Structures are given as structure tokens and as C-alpha cells.
Amino acid sequence: MRVVIVLILLCLAGCAKDLTGMEPTTDKHNLTGAKITYLGVGGWLLYWHGEGLLLAPSFSNPSIPPIFVRADKQRIADHMPEAKDVRVMLIGHAHYDHLLDVPWIMQHYAQNAIAYGNRTAGHILAVPSLNLKHRFVNVEQKMYRVACSTPECYQANPTQWTKVGHMRFMAIQSQHAPHFAGQDFLEGSYYEDLDKLPVYVRNWKEGTTLAFLIDLLDDSDRPVYRIHYQDSASNPPFGFPPLIPDGKRVDVMIMCAASTTQVTQYPDALLRYLRPRQLLIGHWEDFFGNDLNKKPRLLRAQKENEMLIRVSNAFKPIQMVMPYPLSEVALPTPEP
Ligand SMILES: [Zn+2]
């Protein structure tokens, strides 16, 4: 009941915010060259050497308060891009706004994708009627753990990478920001397979939240792009990647704008550590019952504007892009 009350309060506390003055916000389409498409919430899609990488999309976006949630197949059909060449789907955590649409998308759009995520997401996707259990890999067990006691453990262990075609990726122990007033209303994990998909919002338990380091490789397996992805804000050092001995820096950091006020030094500490060339801001829009055919607004009851202004002033050399859902962003030119 508590979650319902808080969600109602959240709804009353603030209408979606106007984006006036909140630059940069881009809305580009049909770009040529290396690019990534923002799908809204935590969803992103890119192609590299003809193979797709999908970061768990969410289109259903039930209206507030989301108490009982089901995938909206019509909304998915309206907005889900072509994805039959997607081979990898990465899932940071198992809340409904990241996992609810994944089963239907894996069955009907990304039929050649394998999903990688935490144990809880695996137990949800193992619902027998979905027939997806063989298409999920639990990467939580080999994630890089940020709690370190020896200098050696700050280095990446090569076995923590998973390589698929011209990509490789590594799960990193991260953390889920509290939703409101320091509270995470959807915490918890599953330890065995579910019989049927959850409907009650609180049964989309998050599990261990993962960040990902993603390398897009050339024909010699050298990284051309290194991308850091998070689908939830976190306190440092959660989500911080290990040292990679090849000297390649992170080109693109994909951050989560939601709940940044509920953690400390986000994304500042991570920006200072990674020094990416480009910062992509996701999960910024008010997605509760939103209409993707209209321009969305900032999340309600959040102080994202202050965070965005602070970050854009403090980290000027970094190209900061907050794209509209379903629009594209050009990746920076590869470094030699
Ligand atoms: Zn979440």
C-alpha cells in the first residue's frame, strides 16, 4: 500500500516539467555513420558490423500510478524498430520499466537475440510459457565487483568479458538509486524460476543492478568504441568499471537521469573517473503514460534541470546529448 500512496503523492507533487531552456536536446533521424538510437527510458539500439545491440527497451509505460502492469503490444508494435539482427540484449535490472516489454520483444522482434542480465531477470524470463530460458545468460555471477581489497582486483579479469561477433561486454556491480525520499520501493530478488509473469508492479523485483562496459571491436578485436552504460543512477563506486590495461578510454557514457537527486555525486564522480568524449543522457523523460508521438517532458518530482546545468558547466569539453526518444545520436569520430 505504501508504494501506492507514495506514487500518488509523486503524481500530485509535480507535473511533468517543461523543457524550456534545457539544451541540448536533439531530435535527429536518418544519420549515416556510427550512431545509436534512443528508445526512451533505459532503451538504446545500435548496429556494429551489421549486428545489433539492444539495451533493454520499454515502450508500454503505464500511466501513474502503475500498480498492475502488462506489456502493451500495440505500443511496442508502434515504436519498436527493426531488430532481427540484434544479437545481444543487455538488461541492467529487472524492474517493470526495463523488463516488462523484453519477453514480447524477444519473441516477436529480436528473435535472434540472447539476453544478458542479473539472476532475478533470468528467473522472470524463465516463465515456462515464454520459452526464453535458453536465450538468457546470467552475467551477475561473473560481474566485476566494485568492493575491492587488493590492488590486483581493480584490474579487469579477462574472463569477465563476453564476446559476441564484433562486440564484447562486461557486467559491473552497480546499484539502484532510491526512488523517492531515500527509499527503493521495488527492491528484492528472485532465487527460483517464476511460473508466470508478474503483474503487480512490486513483483518486478530489481535483483542486483548491473552497469555494463561495452566494446565495439574491429576485425582484429581491438576496441574502436568503448561505451559505459547504466540504467539507474548509483553512488560511487557502484558502476565504476575496472582498469582495462589496453589504455583505451571510454568514448561514450550513457547515464540515467532519473533519481539522480537520490544519490551523491552522480554523474559527476563517474564523469571524473571515465572522462568520456560524449555523455548521452537517458531515462530523462516523463514516461508515465506518455505519448511517444509527442515531445515528452522531464520526469516529474525531479531536479534534473539543476543536475543537467551543473554537469554541462562543469564538464564542458564533454559533448552532452539528451536525445528525444526514437531519435538518433552520431557517435564521435573514432580515435586513432
Ligand atoms: Zn529501476
Side-chain angles (χ1 to χ4, degrees), residues 2-4 6-7 10-11 38-44 54-71 89-103 105 115-125 139-140 143 171-190 194 197-212 228-235 238-239 254-263 266-267 270 281-290 298-302 304 307 325:
R2 190 174 57 173
V3 67
V4 176
V6 169
L7 287 169
L10 254 176
C11 187
Y38 180 45
L39 303 177
V41 197
W44 300 80
L54 194 53
L55 304 175
S58 174
F59 299 106
S60 292
N61 304 350
S63 298
I64 207 164
I67 301 169
F68 301 109
V69 293
R70 292 180 175 81
M89 162 133 48
L90 301 181
I91 302 162
H93 67 285
H95 283 161
Y96 82 96
D97 57 329
H98 299 270
L99 196 61
L100 178 66
D101 291 353
V102 164
I105 287 170
Y116 301 82
N118 67 24
R119 175 193 300 198
T120 291
H123 288 316
I124 295 173
L125 293 178
V139 284
E140 178 177 342
M143 70 183 177
I172 302 161
Q173 179 186 17
S174 192
Q175 182 189 45
H176 199 285
H179 292 99
F180 187 66
Q183 293 260 6
D184 180 343
F185 295 102
L186 304 172
E187 62 190 359
S189 298
Y190 286 115
L194 271 57
L197 276 181
V199 175
Y200 180 39
V201 67
R202 287 196 77 173
N203 291 336
W204 290 88
K205 298 181 179 187
E206 71 196 32
T208 300
T209 299
L210 305 173
F212 288 95
H228 182 272
Y229 170 71
Q230 278 186 300
D231 67 358
S232 174
S234 61
N235 289 298
F238 288 98
I254 303 177
M255 66 164 280
C256 170
S259 297
T260 45
T261 54
Q262 300 293 314
V263 291
Y266 188 85
L270 192 56
I281 298 163
H283 217 328
W284 60 265
E285 76 281 7
D286 178 16
F287 60 91
F288 295 109
N290 67 351
L298 283 172
L299 270 165
R300 48 194 100 196
Q302 302 264 346
E304 292 165 308
M307 179 274 293

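Keep in mind that what you see is a predicted model, and the values were worked out from it rather than measured. Read the numbers this way: they start at 1 and go in the same order the structure lists the ligands and their atoms. Numbers here are sequence positions counted from 1.
When each of K205, R202, H176 is paired with H95, the side-chain contact (heavy atoms from CB on, under 4.5 Å) condition holds for H176 and for no other.
With contacts defined as side-chain heavy-atom distances shorter than 4.5 Å, the pair E206/T120 does not qualify.
Between the side chains of T208 and N118, no donor N or O sits under 3.5 Å from an acceptor N or O. Side-chain contact annotation: Q175 with Y266, donor-acceptor N/O pair under 3.5 Å absent.
Nearest heavy atom pair, residue W204 against residue Y96, reads CB-N, 3.4 Å.
Between the side chain of D101 and the main chain of S60, a donor-acceptor pair closer than 3.5 Å is present.
Shown are the protein N/O/S atoms under 2.8 Å from the Zn ion (ligand 1), given by residue and atom: H93 NE2, H95 ND1, H176 NE2.
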